[in-house]
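Worksheet: the structure to be examined is printed underneath.
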Amino acid sequence: MRSNILKEGIEHAPHRALLYAGGLSDKNIKKPFIGIASSFSDLVPGHAGMRDLERQIEKGIHSNGGQAFIFGVPAVCDGIAMGHCGMRYSLPSRDLIADCVETVANAHQLDGLVLLTNCDKITPGMLIAALRLNIPSIIVTAGPSLEGHCKGETLTFIRGSSEAVGRYRIGQISKEKLCEMEHYACPTIGSCQGMYTANTLACLTEVMGMSLTGCATAAAVSSKKRRIAFDSGFAICDLIKNNVLPRDIVTLDSIKNAIVVDLALGGSTNSILHLLAIAQSAGIPLSLNDFEDLSKKIPQIIKLDPSSTLTMTDLDNAGGIPGVIKTIYGKTPEMKNTKNVMGISVSEIAENAWADNSVIKPFDNPITSNPGLAILSGNLAPRGAVVKISGVDPDVFEFTGTAKVYNHEEDAMKAIENDDVVAGDVVVIRYEGPKGGPGMREMLAPTSLLVGKGLGKKCALITDGRFSGGTRGLCIGHICPEAAIGGTIGLIENGDKIQIDINKKTINLLISEEELNKRKQNFKPYQNEVLKGYLSKYQRNVSQADEGAIAQ
């Protein structure tokens with residue numbers, strides 16, 4: 001055991017003295033030391049119920065001969081951080097979380113980890129840490145919230161709050177109705193109810209094999225989630241005995257399985273950013289080309305909120321991720337027969353699963369032959385951009401519009417609220433990339449406002465920042481290179497024409513090559529405020545979006 005360096009030999013009496021000070025007995029000190037990395041926080045609704053799950057994990061560990069130690073890591077709620085300077089910290093927190101887990105696990109020579117997570121950047125941060133450390137590890141995602149209800153209307157966080165603001169702005173609902181909806185949109189603890197970033201990453205974690213079967217879709221308030229937490233604690237002890245390591249589980253094949261399911265689900269565009277970073281942490285070669293190649297082969301077989309009225313509850317009742325795997329496996333050679341942390345293969349999961357085909361459509365009779373996500377390129381994004389096709393109305397797959405340029409999300413929000421953005425416009429929000437923001441903020445507020453004001457099918461929005469998994473409409477993110485380092489998005493002027501063609505996977509600024517080169521020669525990047533502290537360190541070290549926006 002790694003922890004023997006702390007507890008064996010005369011010279012380690014000081015280490016043992018400190019461990020005894022924490023209440024360990026002579027029996028427990030001989031057991032494997034297992035960290036429960038908990039992202040519990042009263043500030044984050046998706047994490048507020050983790051104290052109970054910590055207890056269940058701890059019971060499982062102690063039931064199977066391990067010694068549990070709970071330690072904390074930071075968590076940011078994207079919904080609360082959204083629309084102000086706080087969102088700059090969201091993506092950078094992914095690397096901070098990985099660093100925290102690595103630091104505690106190595107400083108105390110832990111033998112294994114159970115990583116208790118849920119929301120957007122926390123789950124990929126935990127995965128990155130597990131792969132860096134490469135000690136036995138299991139992920140427990142804390143689960144989605146239940147959907148809300150208000151006078152006969154089913155609500156989710158996005159529809160019941162963000163988009164409701166737009167409906168109020170155009171007089172479709174009253175202020176009293178808006179107040180009612182915001183009270184009932186999130187009736188329980190848990191991650192947001194649709195296929196947003198948190199639930200997308202939970203699903204992909206299960207597909208890659210790093211969490212137990214059924215973990216991704218089990219509701220935060222369910223007894224099923226408590227049992228999964230206990231079983232995960234029990235299982236980590238066996239992983240330590242058998243030396244099953246994260247890099248045995250997360251391979252190029254299992255990551256590509258995750259991409260296949262991501263495309264089939266129409267997951268959050270953020271998943272692309274995180275899978276690139278996860279692969280890099282494991283030394284696995286992965287690029288946007290892999291996503292683009294698979295996107296030509298995988299149709300979308302399910303649509304969840306915000307692209308439909310179905311929620312994670314519906315997916316869980318329809319068979320969950322095992323049901324999705326059953327629907328895909330064997331229908332395409334792109335899905336490989338990998339194994340999860342319990343040694344259960346994809347073929348075994350598929351064989352034992354059940355799928356409700358009214359929710360999870362058959363692979364040969366999908367919702368659409370288009371994938372849920374796609375990579376666009378062109379002179380506006382020579383290194384790629386990302387679109388969530390599942391959230392775009394097919395009527396605007398081909399769109400040419402007039403640029404309205406803003407250097408900050410807040411400026412774009414004011415313009416939309418003041419009706420300065422009209423049908424036929426392409427809203428350009430730049431200097432929000434990994435370095436320019438810094439932190440690559442999500443643009444849920446302006447996209448939701450556009451949809452709420454009835455412009456979701458009449459305007460486009462492009463950015464070198466990101467979008468929430470809750471975004472829908474013609475929204476193109478992760479435009480690379482970003483404006484801050486001289487990307488074409490920084491050269492756009494008001495009145496320019498921009499052409500987006502999802503069918504051809506292109507995005508272009510419709511000016512001559514001569515004019516584009518002239519603008520490049522005269523380009524001076526807009527200067528954001530001078531930063532100090534963590535964001536300054538992040539800005540200096542972060543890579544571009546097509547490389548995962550990793551802070552090296």
Side-chain angles (χ1 to χ4, degrees), residues 46 53 57 114-120 122-124 126-128 130-131 137-144 190-191 194-220 222 224-232 235-236 239 244 246 248-251 253-268 270-271 274-275 278 301-302 304 312-329 335-355 360 372 469:
L53 296 180
I57 294 167
V114 180
L115 301 152
L116 179 57
T117 173
N118 210 23
C119 291
D120 301 37
I122 299 93
T123 299
M126 298 281 205
L127 279 163
I128 289 167
L131 290 162
S137 303
I138 289 179
I139 305 283
V140 178
T141 49
S191 54
M195 192 52 68
Y196 315 156
T197 305
N199 291 326
T200 298
L201 266 294
C203 292
L204 303 190
T205 299
E206 185 175 328
V207 173
M208 282 186 285
M210 285 298 291
S211 60
L212 301 194
T213 301
C215 186
T217 58
S222 66
K224 179 181 177 183
K225 181 63 69 180
R226 298 178 87 231
R227 291 193 294 271
I228 287 171
F230 177 90
D231 289 343
S232 298
I236 189 63
L239 297 191
V244 177
D248 299 330
I249 306 301
V250 180
T251 62
D253 280 348
S254 67
I255 288 181
K256 285 190 173 181
N257 282 355
I259 297 172
V260 167
V261 171
D262 199 11
L263 294 167
L265 292 174
S268 166
N270 286 316
S271 61
H274 297 317
L275 287 173
I278 289 163
I301 60 173
I302 187 169
L304 299 185
M312 290 296 289
T313 301
D314 296 301
L315 177 57
D316 191 52
N317 291 336
I321 293 304
V324 174
I325 290 172
K326 181 181 184 67
T327 305
I328 299 173
Y329 185 69
M335 190 154 206
K336 308 299 183 183
N337 195 25
T338 57
K339 291 186 177 182
N340 68 9
V341 284
M342 301 300 289
I344 303 170
S345 67
V346 166
S347 61
E348 291 175 289
I349 292 170
E351 184 180 350
N352 294 311
W354 170 82
I360 305 170

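All of these numbers come straight from a predicted model, not from anything done at the bench.
Of the residues listed (Leu275, Thr251, Ile139), the one engaging Met208 in a side-chain contact (heavy atoms from CB on, under 4.5 Å) is Leu275, and it is the only one. Partner of Val346 under the side-chain contact (heavy atoms from CB on, under 4.5 Å) criterion, out of Val207, Asn340, Asn257: Asn257 alone.
Using a 4.5 Å cut-off on side-chain heavy atoms (C-beta onward), Ile249 and Ser254 make no contact. You'll find the side chain of Asp231 stays beyond 4.5 Å of the side chain of Ile228, heavy atoms only. Between Ile325 and Met335 there is a side-chain heavy-atom pair separated by less than 4.5 Å. By the 4.5 Å heavy-atom criterion applied to side chains, Met312 and Leu304 are counted as neighbours. Inter-residue side-chain proximity for Ile278 and Pro124 is flagged as met; some heavy-atom pair is nearer than 4.5 Å. Counting heavy atoms from C-beta on, the side chains of Met195 and Leu315 come closer than 4.5 Å. Counting heavy atoms from C-beta outward, Ile128 and His274 have side chains that stay 4.5 Å or more apart.
Among residues two or more places apart in sequence or in another chain, the side-chain hydrogen bond (donor to acceptor under 3.5 Å, both in side chains) test is passed with Thr117 by Thr123. Partners of Asp248 by side-chain hydrogen bond (donor to acceptor under 3.5 Å, both in side chains), not counting sequence neighbours: none found. Qualifying side-chain hydrogen bond (donor to acceptor under 3.5 Å, both in side chains) partners for Ser222, counting only residues two or more places apart in sequence or in other chains: none. Every residue meeting the salt bridge (charged side-chain N to carboxylate O under 4.0 Å, His left out) condition with Lys256, not counting sequence neighbours, appears here in chain and number order: Asp290.
Within the structure, salt bridge (charged side-chain N to carboxylate O under 4.0 Å, His left out) contacts touching residues 314-325 (residues at least two apart or in different chains) are Lys224-Asp316. Residue pairs meeting the side chain to side chain donor-acceptor pair (under 3.5 Å) criterion with at least one member in residues 197-208, sequence neighbours excluded, are Ser191-Asn199, Thr197-Ser268, Thr197-Asn270.
From Met210, atom CE reaches atom SG of Cys215 across 11.5 Å, with rounding to the nearest 0.5 Å. Atom CD1 of Ile138 sits about 6.5 Å away from atom CE of Met342, to the nearest 0.5 Å. If you take CG on Leu201 and OG on Ser211, they are separated by 11.0 Å, rounding to the nearest 0.5 Å. How far CG of Leu204 is from OG1 of Thr141: 11.0 Å, rounded to the nearest 0.5 Å. Of the inter-residue distances, the one linking Asn352 atom CG with Ile344 atom CD1 reads 8.5 Å to the nearest 0.5 angstrom.
The backbone N or O of Gly46 lies less than 3.5 Å from a partner atom in the side chain of Asn118, making a donor-acceptor pair.
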Would you please test Tyr196 and Asp120 for side chain to side chain contact (heavy atoms under 4.5 Å, CB included) and show each step? CA-CA 8 Å; Tyr196 315 156; Asp120 301 37; 5.8 Å; no

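Nearest approach of Leu115 to Ser137, heavy atoms of both residues: CD1-CB, 4.2 Å.
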